[in-house]
Amino acid sequence: MELHKLIQNHKMGLHVDIINDFSYSFIHYLKNISIEKNFLLLEDRKLCDVSSTNSLQLHYGIHKISSWADIVTAHVLAGSMSIQNLNIPYNMGLITISEMSSYGGLSDDNYIRKVLNISLKNSKVIGTVAQRKVDDRLLLFTPGIHFYEKKNNLGNRYIHPVQAFERNGSDFIIVGKAIFQSENPKITAEEYRNAGWKAYENGL
């Protein structure tokens with residue numbers, strides 16, 4: 001699937017390393033559904049090491065992320081070379097982490113500028129993660145989305161889809177706990193999809 005179609009599709013984010021019964025039959029099952037339903041698989045791996053180790057984590061081990069993921073996330077704490085020479089497949093995109101949804105984080109404005117500088121010089125980077133608009137040249141993926149704007153006792157800072165799209169100019173929202181901790185994840189996911197799309201249109 002070509003990356004320019006990303007904006008036309010839905011995405012499903014995974015943290016594959018926390019799946020207790022991980023198997024390739026699960027990946028094949030999920031991949032088949034993604035093709036049938038026309039959505040992309042984003043592995044939120046947050047690679048955060050030197051280039052050689054990032055490459056091993058991306059291509060090898062039990063998960064072999066590069067063999068099935070359409071997009072993968074990465075920190076650039078180790079510098080620009082950490083996301084160079086990863087041999088990322090031609091149809092796979094990379095998203096850098098500028099800012100997370102935790103309060104008290106260390107990613108100040110100076111750090112974000114450095115992340116953006118590295119991101120814009122790497123042709124595989126299609127966007128960055130942040131809770132505010134950081135650069136119009138990259139797709140913005142906003143984490144910590146929740147209908148109830150608050151902080152929780154696990155250190156998460158939540159913002160509403162309206163704030164993400166209408167005020168911050170987000171391109172995509174990342175909804176996690178609000179869905180998988182709900183009593184009916186399917187209905188909740190639909191609610192966030194509908195609210196997010198309405199806010200996106202209002203923000204245009």
Side-chain angles (χ1 to χ4, degrees), residues 3 6 11-20 22 26-27 30 34 39-89 92-132 134-135 138-146 152 154-159 164 170-181:
L3 289 176
L6 180 146
K11 285 145 291 298
M12 176 180 181
L14 296 173
H15 287 280
V16 73
D17 53 351
I18 63 173
I19 298 174
N20 288 328
F22 174 84
F26 165 74
I27 290 297
L30 199 59
S34 76
F39 64 84
L40 301 178
L41 296 177
L42 185 157
E43 168 51 30
D44 196 8
R45 178 61 178 79
K46 295 186 178 71
L47 299 167
C48 188
D49 216 308
V50 297
S51 179
S52 57
T53 302
N54 281 343
S55 183
L56 291 171
Q57 292 173 336
L58 182 64
H59 299 291
Y60 299 97
I62 189 173
H63 299 125
K64 296 179 177 62
I65 296 167
S66 64
S67 70
W68 53 267
D70 298 297
I71 315 167
V72 66
T73 57
H75 285 287
V76 291
L77 285 165
S80 62
M81 289 303 296
S82 67
I83 57 172
Q84 296 289 341
N85 305 315
L86 295 182
N87 295 318
I88 295 176
M92 184 181 193
L94 187 64
I95 298 173
T96 57
I97 310 294
S98 288
E99 180 183 55
M100 295 170 60
S101 59
S102 54
Y103 57 88
L106 303 181
S107 54
D108 58 13
D109 291 345
N110 184 50
Y111 176 77
I112 291 175
R113 281 194 294 269
K114 291 180 179 180
V115 174
L116 295 176
N117 185 50
I118 290 172
S119 301
L120 291 166
K121 292 179 179 178
N122 189 306
S123 62
K124 295 302 296 185
V125 175
I126 62 172
T128 195
V129 173
Q131 283 201 315
R132 49 184 156 155
V134 288
D135 196 295
L138 291 169
L139 293 172
L140 176 60
F141 294 77
T142 302
I145 298 296
H146 206 293
N152 70 4
L154 297 178
N156 298 110
R157 181 179 65 241
Y158 294 127
I159 62 175
S170 182
D171 297 294
F172 301 96
I173 54 175
I174 301 172
V175 189
K177 294 181 181 66
I179 292 176
F180 73 75
Q181 290 182 347

Open item on the list: Is a donor from one side chain sitting under 3.5 angstrom from an acceptor on the other, for Thr128 and Ser98?
Closed with: yes
- [ ] Verify, without hydrogens or angle tests, whether Ser80 (side chain) and Ile118 (backbone) share a donor-acceptor contact under 3.5 angstrom.
- [x] no
Open item on the list: Quick one: does any side-chain atom of Asn122 pair with a main-chain N or O of Ile83 as donor and acceptor, under 3.5 Å?
Closed with: yes
Task: Spatial distance of atom OG (Ser82) from atom CG (Asn85) [nearest 0.5 Å] - done: 11.0 Å
TODO: Rounded to the nearest 0.5 Å, what's the gap from CD1 on Ile174 to CD1 on Ile95? Could you check?
DONE: 7.0 Å
Open item on the list: To the closest 0.5 Å, what do you measure between CD1 (Ile112) and NZ (Lys114)?
Closed with: 12.5 Å
TODO: Please round to the nearest 0.5 Å and tell me the distance separating atom CD1 of Ile97 and atom OG of Ser119.
DONE: 9.5 Å
Task: Close side-chain approach of Asp70 and Leu42, heavy atoms under 4.5 Å - done: no
Open item on the list: In the structure I gave you, are the side-chain heavy atoms of Val16 and Trp68 within less than 4.5 Å of one another anywhere?
Closed with: yes
TODO: State whether the side chain of Asp49 and the backbone N or O of Asn54 hold a donor-acceptor pair below 3.5 Å, judged by distance alone.
DONE: no
Task: Residue among Thr53, Leu77, Thr73, Val76 satisfying side-chain contact (heavy atoms from CB on, under 4.5 Å) with Cys48 - done: Leu77
- [ ] Starting at CG of Leu40, measure out to CD1 of Ile71 and round the result to the nearest 0.5 Å.
- [x] 5.0 Å
Open item on the list: Using side-chain heavy atoms (C-beta onward) and a distance below 4.5 Å, is Leu30 in contact with Leu41?
Closed with: yes
Task: Closest contact, heavy atoms only, Asp171 versus Leu139 - done: OD2-CA, 3.3 Å
Task: Side chain to side chain, Leu86 and Met92, heavy atoms closer than 4.5 Å - done: no
- [ ] Could I get the full list of salt bridge (charged side-chain N to carboxylate O under 4.0 Å, His left out) partners for Lys121, not counting sequence neighbours?
- [x] none
Open item on the list: I need the Ser51 OG to Leu58 CG distance, nearest 0.5 Å.
Closed with: 10.0 Å
TODO: Taking all heavy atoms of Ala164 and all of Thr142, pick out the closest pair and write down the distance.
DONE: CB-CG2, 4.1 Å
Open item on the list: For Ser66, is there any backbone N or O sitting under 3.5 Å from a side-chain donor or acceptor partner on His59?
Closed with: no
Open item on the list: Tell me the closest heavy-atom pair linking Pro143 and Ala130, and the distance in Å.
Closed with: CD-O, 3.4 Å
Task: Contact check, side chains of Gln57 and His63, non-hydrogen atoms, under 4.5 Å - done: no
TODO: Return the orientation label for the Tyr158 and His146 ring planes: parallel under 30°, perpendicular over 60°, tilted otherwise.
DONE: tilted
Task: Other residues, nucleotides, ligands: >12 heavy atoms within 6.0 Å of Tyr60 OH - done: no
Open item on the list: Could you go through Ile126 and Leu138, starting from their C-alpha distance and side-chain angles, then the distance that decides it, and tell me whether this counts as side chain to side chain contact (heavy atoms under 4.5 Å, CB included)?
Closed with: CA-CA 6 Å; Ile126 62 172; Leu138 291 169; over 6 Å; no
Task: Expected output: side-chain Glu99 to main-chain Gln131 donor-acceptor under 3.5 Å - done: yes
Open item on the list: With heavy-atom distances below 4.5 Å as the criterion, would you say the side chains of Asp17 and Phe22 are in contact?
Closed with: no
